[in-house]
**Q** 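What follows is a structure written as structure tokens; I'll ask about it next.
Bear in mind that the values here come from a model prediction, so they are computed numbers and not experimental data. Numbers restart at 1 for each chain; the letters A, B, ... are given by sequence-line order, proteins then strands.
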2 protein chains.
Amino acid sequence: MARRVDHSPDELKVMILDAAEDLVMAGGVSELSARKIAQKIGYAPGTIYNVYTNIDELILILNGKTLERLYDHLSMVRLDGEADIGSANENLEKLLIGYLAFIDENRSLWRLLFDHVPSSEDDLPEWYNQRVLKLLSVIDQVLLPLLSGRGAEERRDVSATLWASLHGIISLADKKKLDVVISRSSHDVCSLLITTFLNGLKDHADFTGKIQ
Amino acid sequence: MARRVDHSPDELKVMILDAAEDLVMAGGVSELSARKIAQKIGYAPGTIYNVYTNIDELILILNGKTLERLYDHLSMVRLDGEADIGSANENLEKLLIGYLAFIDENRSLWRLLFDHVPSSEDDLPEWYNQRVLKLLSVIDQVLLPLLSGRGAEERRDVSATLWASLHGIISLADKKKLDVVISRSSHDVCSLLITTFLNGLKDHADFTGKIQ
DNA sequence: ATAGAATAGTGAACACCGTTCAAAATTCAA
DNA sequence: TTGAATTTTGAACGGTGTTCACTATTCTAT
């Protein structure tokens, strides 16, 4: 057949993406399949492959969208402008609350974002990496006042360390792999980590091993 | 057919488990399938379901085995007995090195251990939880001298927090989701976290919000 | 020794999955 | 109006987990 005039390729691409998003939101990651998307938009499965090279590419773009939505969500958080540890702690706590709220409202998309490992081992595309960096810049800004003496790269390493640590707690808790081992909510555990981490950043050996 | 006399049910269970382990080690998590296991041990696929209720149960038991092997690996690490932060740091660094070495030698099994989410949402069995706790006790012991003033439960929470944080770093790095964001090896990042965390544990508000 | 119950193992079948691609349907250009 | 170009199809391929009627074998009891 040919162009059913119904939808341009670009429209189709969006329709497929939206259908995928709906499926994941409504039924979890396991509901995402080419056939179900096709059924939802009233096309044949093969049509998806005219517009996306494969399902991994579709997921990548969907994850990019989730990343963007997460950034939008977190940049709404009102941050304190003071440069002391107390303010940084409060700010990080606010970000944490925002992040946990986002996860709560977008649990399945968030799982897809972090748990999905694409079959191919190619590097992620530049536009995707940019979004990750943009997201991390939110934490970076909060830590900036405390790390003004250090270089941009080292600062980003510190932010990323904190971020990855929080992610570890939240994702293990989500997978129910912390239940045995911990008696508190992941929120409380994250708060503890933030406080301890910030406290630990004071006057100790930095990344390069020098004392500040 | 009946008992081919070849193997008792218990033998069969072990054979299947070993075949599964071999498949994962040799070709990654995606190589694990009922048909491939069956082929490897010279039985029909259905036989597996006479001995395991489903593949998730098989994976759970395999993960239990990996957990046990990881514990054995880590309990070989010689730890310093001093009670100061420096010793704790050294000890954790040694454990980290041991852990990273284990991952290096058992990457696919380790991925199966942490990434696999069973379809059913039942709680994990008690014997499995015990193994997780036993593993965590290794970190617990190292932190014990620094947290002697706190209760056992709170100490375990602190250990689990550190553990989950390290896991977050290592597993994000493994999924190549830190490459953009960080310039160092996951080993270095983990070392930074350990140092900062230990430093931060000194004289700051504890889990309950009180100052020590 | 033989009949029958119990057990062990089978493998085709079911309902899925991602992906491909020759063919068909439609539109556009000449 | 014809023919080229394009879009869409859906059957087909090779895979997945899981089930279950059936068969083959062994054990038990007569």
**Q** Who passes side-chain hydrogen bond (donor to acceptor under 3.5 Å, both in side chains) against A:Lys94, sequence neighbours left out?
**A**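 side-chain hydrogen bond (donor to acceptor under 3.5 Å, both in side chains) list for A:Lys94, sorted by chain: empty.
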
**Q** Looking at residues 52-61 of chain B, who's got a heavy atom less than 4.0 Å off DNA chain D?
**A**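 Under 4.0 Å from DNA chain D: B:Asn54, B:Ile55.
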
**Q** Nearest heavy atom decides the nucleotide; on that basis, is A:Ala44 or B:Ser30 closer to the 5' end of DNA chain D?
**A**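 By nearest-heavy-atom nucleotide position, the 5'-most residue is A:Ala44.
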
**Q** Less than 3.5 Å apart, any donor N or O on the side chain of B:His116 or B:Asp56 sitting next to an acceptor on the other?
**A**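 A pair is found: one side chain offers a donor N or O, the other an acceptor, under 3.5 Å apart.
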
**Q** If I take atom CG in residue B:Leu23 and atom C1' in nucleotide D:dG15, what distance separates them, rounded to the nearest angstrom?
**A**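 To the nearest whole Å, that distance equals 15 Å.
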
**Q** Could you check how far CD1 of A:Ile41 sits from C1' of D:dT9, rounded to whole Å?
**A**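 Taking atom C1' of D:dT9 as the reference, CD1 of A:Ile41 is at 13 Å.
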
**Q** Round to a whole Å and report the spacing from CD1 of A:Ile48 to P of C:dC17.
**A**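 In whole Å, C:dC17 P lies 11 Å from A:Ile48 CD1.
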
**Q** B:Glu31 has an atom CD; how far is it from atom C1' of D:dG15, in whole Å?
**A**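 About 11 Å, once rounded to whole Å.
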
**Q** NA contact type, A:Leu12, heavy-atom cut-off 4.0 Å: base, sugar-phosphate, or nothing?
**A**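 Sugar-phosphate only.
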
**Q** State whether B:Asp174 and B:Arg107 are salt-bridged, where the test is any N-O pair (Lys NZ or Arg NE/NH1/NH2 against Asp/Glu carboxylate O) under 4.0 Å.
**A**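 Yes, charged N to carboxylate O under 4.0 Å.
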
**Q** Can you list everything that forms a side-chain hydrogen bond (donor to acceptor under 3.5 Å, both in side chains) with A:Glu121? Sequence neighbours excluded, please.
**A**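 In terms of side-chain hydrogen bond (donor to acceptor under 3.5 Å, both in side chains), with neighbours along the sequence ignored, A:Glu121 is linked to no residue.
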
**Q** Provide, to the nearest angstrom, the distance between the CZ atom belonging to A:Arg35 and the P atom belonging to D:dT8.
**A**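 From A:Arg35 CZ to D:dT8 P: 19 Å.
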
**Q** Check step by step if side chain to side chain contact (heavy atoms under 4.5 Å, CB included) holds for A:Leu17 and A:Ile61.
**A** CA-CA 8 Å; A:Leu17 191 64; A:Ile61 291 172; 3.9 Å; yes

**Q** Would you say C:dC16 has OP1 or OP2 under 4.0 Å from some side-chain N or O of A:Ser33?
**A**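 It does not, given that no N or O in the side chain of A:Ser33 lies less than 4.0 Å from OP1 or OP2 of C:dC16.
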
**Q** Between B:Asp115 and B:Lys175, is the closest basic N to carboxylate O distance under 4.0 Å?
**A**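 Yes, this pair counts.
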
**Q** Whole-Å distance between D:dT25 P and B:His7 NE2?
**A**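 Atom NE2 in B:His7 sits about 16 Å away from atom P in D:dT25.
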
**Q** Of the nucleotides D:dT9, C:dG9, D:dG10, which has the atom closest to the A:Pro45 side chain?
**A**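 Looking only at side-chain atoms, A:Pro45 lies closest to D:dG10.
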
**Q** Whole-Å distance between C:dT7 C1' and B:Asp10 CG?
**A**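 Going from B:Asp10 (CG) to C:dT7 (C1'), I get 16 Å.
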
**Q** Categorize B:Leu32 for me: base, sugar-phosphate, or nothing, with a 4.0 angstrom heavy-atom threshold over every strand shown.
**A**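 Sugar-phosphate, no base atom in range.
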
**Q** Tell me which of A:Tyr49 and B:Asn50 sits closer to the 5' end of DNA chain C, going by the nucleotide each one is nearest to.
**A**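 Per heavy-atom nearest nucleotide, the more 5' residue is B:Asn50.
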
**Q** Verify whether one side chain among A:Tyr99 and A:Trp110 offers a donor that lies under 3.5 Å from an acceptor in the other.
**A**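 There is such a pair (donor and acceptor under 3.5 Å, judged by atom type) between the side chains of A:Tyr99 and A:Trp110.
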
**Q** Tell me whether the side-chain N/O atoms of B:Lys36 come closer than 4.0 Å to OP1 or OP2 in D:dT16.
**A**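 Indeed, a polar side-chain atom of B:Lys36 lies that close.
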
